[in-house]
2 protein chains.
Amino acid sequence: MSKNHLYKGGLSTILLKILSDEGRMYGYQLSKRAKELTNGDLDITEGALYPTLHKLEAEGILETEIEKVGNRKRKYYKLTEEGQYKASERIDELKEYVMNLQGMLNGGMSHG
Amino acid sequence: MSKNHLYKGGLSTILLKILSDEGRMYGYQLSKRAKELTNGDLDITEGALYPTLHKLEAEGILETEIEKVGNRKRKYYKLTEEGQYKASERIDELKEYVMNLQGMLNGGMSHG
DNA sequence: TTCTTATACCTAAGAAAATTATGTATGTTT
DNA sequence: AAACATACATAATTTTCTTAGGTATAAGAA
């Protein structure tokens, strides 16, 4: 099993984190929230967003409900019961990884 | 210009950070050092490592010297003068990105 | 009222960057 | 002698992203 999630494949875990905090969101809303939370650094494209959500749904980690607001449909995502467990695992792994990475990036200042 | 380096394309910047700290290293050594510095989390495969180094060399960011140790050759990499400038730019960007990501991962605890 | 922008979903083609597999060769340890 | 670590490299494949294209409703500006 690979441990190099983050510089490849971190997007799904980021989405899971947001959903685990917010409870229930739709795709468009998720991408806006991600951008907010990272001070504009994370700009999730639609071509990445929707396939990733579909994959997580297919894995049984997310489930959906379609709601009509006015004349427009929104597809709401939330974690399944099984998904809550898997999500917290993945989020913890990512946290640890990011912490180690940050340690590396801020260490080694004694050179110049 | 894309801002989503990290969950894709962070490897080269990580290598630049290590080289900027250590000054001069060869490929195999770089991969071992990266693993050390991240408590084993970052396991760079050879198929990722060498093409990435070759690309950075082709970009003029790294330069090489081959040394013979016993009967075995080592290819040492270091930053070029131009490379030092570009490396520090990329490292700063990555730092900021990782900081924002960490903020997101550790925020939103007020849910349960 | 028409144009632009924002909202809201989606897929397909292509590129980028990784993994996996394979190859060569030397040195060390069991 | 066999296994493992060092040390380089490339090719085939897969994953995951960007870019581009498509549909449609709603709101605001010109």
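So you know, we letter chains A, B, ... as the sequences are listed, proteins then strands, and number each from 1.
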Indicate yes or no for a side-chain donor-acceptor contact from B:T80 to the backbone of B:I61 under 3.5 Å, with no hydrogens or angles considered. yes

Proximal nucleotide (of C:dA6, D:dA9, D:dC17) relative to the B:E46 side chain: D:dA9

A:L42 CG to D:dT16 C1': how many Å, rounded? 14 Å

Give the rounded distance in Å between these two atoms: NZ of A:K75 and P of C:dC10. 4 Å

How many whole angstroms separate atom CD1 of A:I14 from atom C1' of D:dT16? 13 Å

Determine, using the 4.5 Å side-chain heavy-atom cutoff (strictly less than), whether B:M99 and A:I91 are members of one ILVMFWY cluster. no

Separation of atom CZ in B:R72 from atom P in C:dT24, rounded to whole Å: 17 Å

Verdict with supporting geometry, B:L49 and B:L15, side-chain contact (heavy atoms from CB on, under 4.5 Å): CA-CA 9 Å; B:L49 175 67; B:L15 296 175; 4.1 Å; yes

For C:dC10 and A:Y50 - does any side-chain N or O of the residue sit under 4.0 Å from the phosphate oxygens OP1/OP2? no

Of A:G70 and A:L49, the one whose closest DNA chain D nucleotide lies more 5': A:L49

With the side chain of A:Y77 defined as its heavy atoms from C-beta on, choose the nearest nucleotide among C:dT19, C:dC10, D:dA7. C:dC10

Per nearest nucleotide of DNA chain D, the residue lying toward the 5' end, B:Y76 or A:N71, is B:Y76

Rounded to the nearest Å, what distance is computed from the OH atom of residue B:Y28 to the P atom of nucleotide D:dA9? 15 Å

Strictly below 4.0 Å, N to O, side chains only: are B:E93 and B:R90 in salt-bridge contact? no

Mind checking if A:Q29 touches a base, just sugar-phosphate, or nothing, with heavy atoms under 4.0 Å? nothing

Could you list by number each residue of residues 55-67 of chain A showing a heavy-atom separation from DNA chain D of less than 4.0 Å, or answer none if no residue does? A:K55

Report the distance from atom CG of A:D43 to atom P of D:dT18, rounded to the nearest whole Å. 8 Å

Under 4.0 Å: is that the gap between some side-chain N or O of B:Y26 and OP1 or OP2 of D:dA7? yes

Closer than 4.0 angstrom, basic N to acidic O: yes or no for B:E65 and B:R24? yes

For A:A48 and A:L11, which heavy atoms make the closest approach, and how far apart are they? CB-CD2, 3.8 Å

If you measure from the Lys or Arg side-chain nitrogens to the Asp or Glu carboxylate oxygens, is any gap between B:K86 and B:E89 under 4.0 Å? no

Could you walk me through whether A:L42 and A:K35 pass the side-chain contact (heavy atoms from CB on, under 4.5 Å) test, one step at a time? CA-CA 5 Å; A:L42 187 58; A:K35 194 164 187 171; 5.9 Å; no

Please work out if A:G47 contacts a base, only the sugar-phosphate, or nothing of the nucleic acid, heavy-atom cut-off 4.0 Å. base

Please confirm whether the shortest side-chain N or O distance from B:R74 to OP1 or OP2 of D:dA7 is below 4.0 Å. yes

Heavy atoms only, 4.0 Å cut-off, all strands: where does A:K68 land among base, sugar-phosphate and nothing? nothing

Distance in angstrom units between B:I44 CD1 and D:dA9 P, rounded: 15 Å

Along DNA chain C (nearest heavy atom to each residue), the more 5'-positioned of A:K73 and B:T52: A:K73

Check the phosphate of D:dC8 against B:H54, side-chain N and O only, distance under 4.0 Å to OP1 or OP2. Yes or no? no

